[in-house]
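Notes follow the structure.
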Protein chains: 2
Amino acid sequence: MPAPSRTSVERIVAAGRSVLSDAGMEGLTMQRVASEVGVRPPSLYKHVANRADLVRLVVADIARETRELLAAAAGEGDAADDARAMALALRGFAHRDRHAFEAMFSPAADAATIDSAVYATAAEPILEVAARLAGADHALDAARTVTAWAAGFLTMELAGAFHLGGDLDRAYDYGIDALIAALRKPQ
Amino acid sequence: MPAPSRTSVERIVAAGRSVLSDAGMEGLTMQRVASEVGVRPPSLYKHVANRADLVRLVVADIARETRELLAAAAGEGDAADDARAMALALRGFAHRDRHAFEAMFSPAADAATIDSAVYATAAEPILEVAARLAGADHALDAARTVTAWAAGFLTMELAGAFHLGGDLDRAYDYGIDALIAALRKPQ
DNA sequence: ACCTGAACACCGTTCAAGT
DNA sequence: ACCTGAACACCGTTCAAGT
């Protein structure tokens, strides 16, 4: 007499995603997720291999979310406007959901190995603007430079590394403007 | 009959530093550190408040190390040469000791709250070159932009986020050149 | 004044037994 | 075919008892 599944990977990942948002990576425990889903911890192992696997799935979800966010920010402006809008959208996300942002952009000991395909997902819209901004030949380098800067800035901002004061909104603008100017292909 | 201390904070932090290097943040356990130091885990609590405290001290050590490293890289070249040399020195460190680098530049759930003074320590040599490069008025913004980019690039490189291939050495050069050009004060 | 063993709470994970 | 309780290993941390 087979027992019908009382949950599913989808529901487990969704629960994990929401636990992560409000308890952080450290609070993302199998026990908490199980109780959120209405099941006992051992049952989760019928649907995911282990905690690392669950974390990987949750991070992949966040990557998809990030891609949507960035794609939506790139409107019909020129390349520089779109790049600026995407940078601001990413900062908004980092502020709105710091745990999700950190899970994606800092290699917590927990996240262990993240599928590199996950990054490719989120990187698509960035590559597209980078190509328009820097030209096809430098699209990859330009995309990496901008992404590295934004990820680094926001990670450090969230970590409280920018303690020397000054207006961080302005500092972020300063950075994005400097990068756009530097990467822009000769007209 | 008071018992003479069989260890010290210094020795504990040094042990923690070396355990971190070869086992990562996740392998940095009180048990491992205790055994490295020749003592039982409960004894550590006579010298550090708890694991978070130990992690904080280890990270502060890494920050000092990083400052030395950066200061040594800034030779007698002009501002652009020094900035380049410092960026390369940081990358060398990230490759040589990835766990130490990650402990400093990614807010592991473990690191919890890092003293912001720790960042100030490591930032000093960067601020100094930034002032020479971008002028005193923009020193802080320029230092933040360069640091954010380098931290982001190296974190992503270590995480395997740059899977799309291409020469990463060249990509790093591309980034630092672009940033130097963008931040350089009008001559 | 520091060290220790014993103990506790909490975690991930396995597994035999239920349905 | 999935769920469960019981169990195990491992972790951080506390504390009374040793010296």
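Numbered from 1 within each chain, the chains take letters A, B, ... in sequence-line order.
Across the protein-nucleic acid pair, Arg51(B) atom CZ and dC10(D) atom C1' stand 13 Å apart, rounded to whole Å. Taking atom CD of Glu26(B) as the reference point, atom C1' of dG12(C) lies 12 Å away to the nearest angstrom. Spacing between atom CE of Met25(B) and atom P of dC11(D) amounts to 16 Å, rounded to whole angstrom units. Straight-line distance from the CZ atom of Arg11(B) to the C1' atom of dC2(C): 13 Å, rounded to whole Å. Tyr45(A) has its OH atom 7 Å from the P atom of dT14(C), to the nearest Å. In this structure, His47(B) places its NE2 atom 16 Å from P of dT13(D), rounding to the nearest Å. Atom C1' of nucleotide dA1(D) and atom NZ of Lys46(A) are separated by 7 Å, given to the nearest angstrom. Atoms CD1 (Ile12(B)) and P (dG12(D)) sit 14 Å apart, rounded to a whole Å.
Side-chain N or O atoms of Asp61(A) include none that pairs as donor or acceptor with a backbone N or O of Arg17(A) at under 3.5 Å. The backbone N or O of Ala87(B) sits less than 3.5 Å from a side-chain atom of Tyr172(B), completing a donor-acceptor pair. A distance-only check finds a donor-acceptor pair linking the side chain of Asp53(A) to the backbone of Ala49(A) [under 3.5 Å]. Tyr174(A) places no side-chain N or O within donor-acceptor distance of the main-chain N or O of Arg144(B), the cut-off being under 3.5 Å. Here the side chain of Ser5(B) pairs no donor or acceptor atom with the backbone of Ser8(B) at under 3.5 angstrom. Looking only at distances, a side-chain donor or acceptor of Thr155(A) sits under 3.5 Å from a matching main-chain atom of Ala151(A).
Remark: Ser35(B) engages no residue in a side chain to side chain contact (heavy atoms under 4.5 Å, CB included) (not counting sequence neighbours). In this view, Arg98(A) and Glu102(A), Leu158(A) satisfy the side chain to side chain contact (heavy atoms under 4.5 Å, CB included) rule, not counting sequence neighbours.
Sorted by first then second residue, the ring-ring contact (aromatic ring centres under 6.0 Å, His included) pairs that include residues 61-106 of chain A, not counting sequence neighbours, are Phe101(A)-Phe105(A).
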Set out, line by line, the N/O atom pairs under 3.5 Å between protein and nucleotides 5-9 of chain C.
| from | atom 1 | to | atom 2 | distance (Å) |
| --- | --- | --- | --- | --- |
| dG5(C) | OP2 | Arg40(B) | NE | 3.2 |

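Close to dT4(C), at under 4.0 Å from its OP1 or OP2, lies a side-chain N or O of Ser43(B). Close to dT4(C), at under 4.0 Å from its OP1 or OP2, lies a side-chain N or O of Arg6(B).
In this structure, Leu90(B) CG and Met104(B) CE are separated by 9.0 Å, a value rounded to the nearest 0.5 Å.
In the set dC2(C), dT13(C), dT13(D), the nucleotide with an atom closest to the side chain of Asn50(B) is dT13(D).
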5'-to-3' dot-bracket of DNA chain D (Watson-Crick, G-U; under 3.5 angstrom; crossing pairs as [ ]; | other strand): ||.|||||...|||||.||
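Contact between Met30(B) and Leu44(B) at its shortest, heavy atoms only, is O-CD1, 3.2 Å.
For residues 29-38 of chain B, proximity to DNA chain D is found at Thr29(B), Met30(B), Gln31(B), defined as any non-hydrogen atom under 4.0 angstrom from a strand atom.
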